[in-house]
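Following: one structure in structure tokens, then a few remarks.
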Amino acid sequence: MSETRMNIMGHTPEQLAELVAQWGNKPFRAKQLQRWIHQRGIRDFEQMTDLARVFREQLAEHCSICTPEVQVEQRSADGTRKWLFDVGQNNSVEAVYIPEDDRGTLCISSQAGCTVACPFCSTGYQGFNRNLSAAEIIGQLWFARDQLRQNPEQARVGSNPQPVVDDRYISNVVFMGMGEPLLNYDQVLIALQLMLDDNAYGLSRRRVTVSTSGVVPMMDRLAKDCPVALAVSLHAPNDALRDKLVPLNRKHPLRELIASCNNYLQYAPRDFITFEYIMLDGINDQPEHAQQLLAIAKQVRCKFNLIPFNPFPQSGLKRSPAATVRDFAQRLQEGGVVTTVRKTRGDDIDAACGQLAGDIRDRTRIRERLPNQGTILIKPERA
């Protein structure tokens, strides 16, 4: 791509309208262009046949439609697919597609690396490299859908003879890949608006989920700017433990987080907040922890999603036994709170929760500086 050509993959409708106007075209041409890019998945301007030839030539000369370059693609035995994208300057991010009978979910990244540095997440061991642009974020969705359109049989699971969701395949998008989405707020907001736009991807607000570790000020902004489904990475039922598991808690403790969740529910498309809770053996999986979670549930309408920990060598942490997870879930359910246990997918290609980009070289030397972070900072509470 020529350095002088502008990538319009992440342009907002307003930016496309300005672009169209500067060449003397009417505003409706911007909507046509947006539909060609995002609905039809076309990036060759010559194929946009309802645009005037002169306009197509102007676009070809000055603009491009680019997604991040794929370095590696992996496919799991369970149908999960993972793509490693090169985003330049020796940085890479990953996206994961998870097919199921009734949906197709794409998990996308918002940052190269992550600043939050939760000790149970392998991405955190990279440190933070940079924010992704809106084009790089929405480009993951564009690319994944394009791949599934070309190979529709790969968007099916089991004996299901039909594509997951008509010809789109991707019915749900979750910001649960690399990075903390709300620390890249402006670019994530543009990507969210494109996902919801009827002239782009037309996804339902209920089917787009932002997962955050609890960036309270940005949660409050998102509630007003673009409320979608919200998942909060809780992982601990009290401040003392959460300070260790989710370091951001030291800045925005549970009291502030719960208040922000209640505020969000005034605008949200769902009437509950999903609390994600990773199950760590002897750390946060004891009966008293379940009781403390039930106390939180009395303060905010929520459901719990228990996540089996996916071990990696640097963490020094272990997955809770299956029996412990079942008992923990039962205690929450008996307490009257909807509780699910996340089905682990893509283990064989390191595509499960907390595993993304775990084998990418550590550019921040965090492993060298904190070699025993899991065992030193977090000790089992079990007697």
Side-chain angles (χ1 to χ4, degrees), residues 1-68 104 106 108 110 132-150 152 163-173 175 184-208 210 221-222 224-229 267 269:
M1 183 185 81
S2 169
E3 292 183 1
T4 60
R5 293 168 67 202
M6 173 174 42
N7 182 12
I8 59 175
M9 172 64 76
H11 270 37
T12 65
E14 294 75 18
Q15 289 172 321
L16 288 180
E18 290 178 8
L19 183 68
V20 165
Q22 74 181 28
W23 291 324
N25 289 285
K26 295 182 178 179
F28 76 90
R29 295 296 186 192
K31 291 184 179 180
Q32 288 181 304
L33 179 58
Q34 188 179 35
R35 286 195 289 267
W36 277 111
I37 297 169
H38 299 292
Q39 282 189 354
R40 302 181 185 180
I42 300 299
R43 52 181 171 188
D44 180 353
F45 296 115
E46 189 58 32
Q47 295 182 34
M48 301 179 182
T49 52
D50 62 355
L51 301 181
R53 175 163 294 278
V54 172
F55 182 33
R56 281 182 277 162
E57 291 173 349
Q58 291 168 326
L59 287 168
E61 180 180 357
H62 299 287
C63 302
S64 64
I65 302 168
C66 298
T67 63
L106 182 69
I108 62 176
S110 56
L132 300 186
S133 67
E136 291 168 329
I137 297 170
I138 205 70
Q140 297 169 63
L141 173 55
W142 190 102
F143 178 88
R145 189 188 59 181
D146 181 66
Q147 291 293 296
L148 295 170
R149 280 176 167 172
Q150 292 181 39
V164 175
V165 178
D166 56 59
D167 67 343
R168 293 181 301 164
Y169 306 112
I170 297 171
S171 62
N172 296 58
V173 176
F175 281 78
N184 185 16
Y185 186 83
D186 291 341
Q187 298 304 302
V188 166
L189 180 61
I190 293 171
L192 286 172
Q193 291 169 337
L194 285 172
M195 290 175 190
L196 303 177
D197 194 319
D198 287 339
N199 290 306
Y201 298 90
L203 292 170
S204 162
R205 291 180 186 273
R206 294 172 59 87
R207 291 182 174 270
V208 177
V210 169
R221 283 186 59 184
L222 185 66
K224 296 181 179 180
D225 291 343
C226 189
V228 293
Y267 306 89

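From a predicted model like this one, the values you see are computed outputs, not experimental measurements. By convention here, the first residue in the shown sequence is residue 1. The figures that follow rest on heavy atoms only: side chains count, while hydrogens, waters and symmetry mates do not.
Heavy-atom minimum distance, R145 versus I170: N-CD1, 3.7 Å. Annotation for A134 and G10: closest pair CB-O, 4.0 Å, computed over non-hydrogen atoms. Closest approach of N184 and S110 over heavy atoms only: ND2-O, 3.0 Å. Minimum interatomic distance between A191 and I137 (heavy atoms only, all atoms of both residues): CB-CG2, 3.6 Å. Among all heavy-atom pairs drawn from M9 and C66, the shortest one is CB-O, 3.6 Å. Between L106 and A144, the shortest heavy-atom distance links the atoms CD1-CB, 3.8 Å.
The line from CD of Q187 to CG of L192 is 11.5 Å long, rounded to the nearest 0.5 Å. The CG atom of L51 lies 6.5 Å from the CG atom of L33; values are rounded to the nearest 0.5 Å. Residue L141 holds its CG atom at 6.5 Å from CD1 of I108, rounded to the nearest 0.5 Å. Atom-to-atom distance recorded for L59:CG and N25:CG is 8.0 Å, nearest 0.5 angstrom. One distance of note links CZ of R205 with OH of Y267; it measures 13.5 Å at 0.5 Å rounding. Distance check, rounded to the nearest 0.5 Å: NZ of K31 to NZ of K26 gives 14.5 Å.
Without hydrogens or angle criteria, T67 side chain to F143 main chain gives no donor-acceptor distance under 3.5 Å. Panel note: side chain Q150, backbone Q147; no donor-acceptor pair is recorded below 3.5 Å.
Using modelled atom types and a 3.5 Å distance limit, the side chains of D197 and Q193 yield no donor-acceptor pair. Side chains of Q32 and D50: a donor-acceptor N/O pair is present below 3.5 angstrom, by distance only.
In this view, N172 and R207 satisfy the side-chain hydrogen bond (donor to acceptor under 3.5 Å, both in side chains) rule, not counting sequence neighbours. Not counting sequence neighbours, the partners of A17 by the side-chain contact (heavy atoms from CB on, under 4.5 Å) test are A30. Residues that satisfy the salt bridge (charged side-chain N to carboxylate O under 4.0 Å, His left out) test with E57, not counting sequence neighbours, are absent from this structure. Taking the salt bridge (charged side-chain N to carboxylate O under 4.0 Å, His left out) definition, one finds that R29 meets it with nothing, sequence neighbours left out.
Listed by first then second residue, pairs satisfying ring pair (Phe, Tyr, Trp, His ring centres under 6.0 Å) with a partner in residues 34-64 read W23-H62, H38-Y201, not counting sequence neighbours. Residue pairs that meet the salt bridge (charged side-chain N to carboxylate O under 4.0 Å, His left out) test with at least one member in residues 38-48, sequence neighbours left out, are E46-R53, E46-R56.
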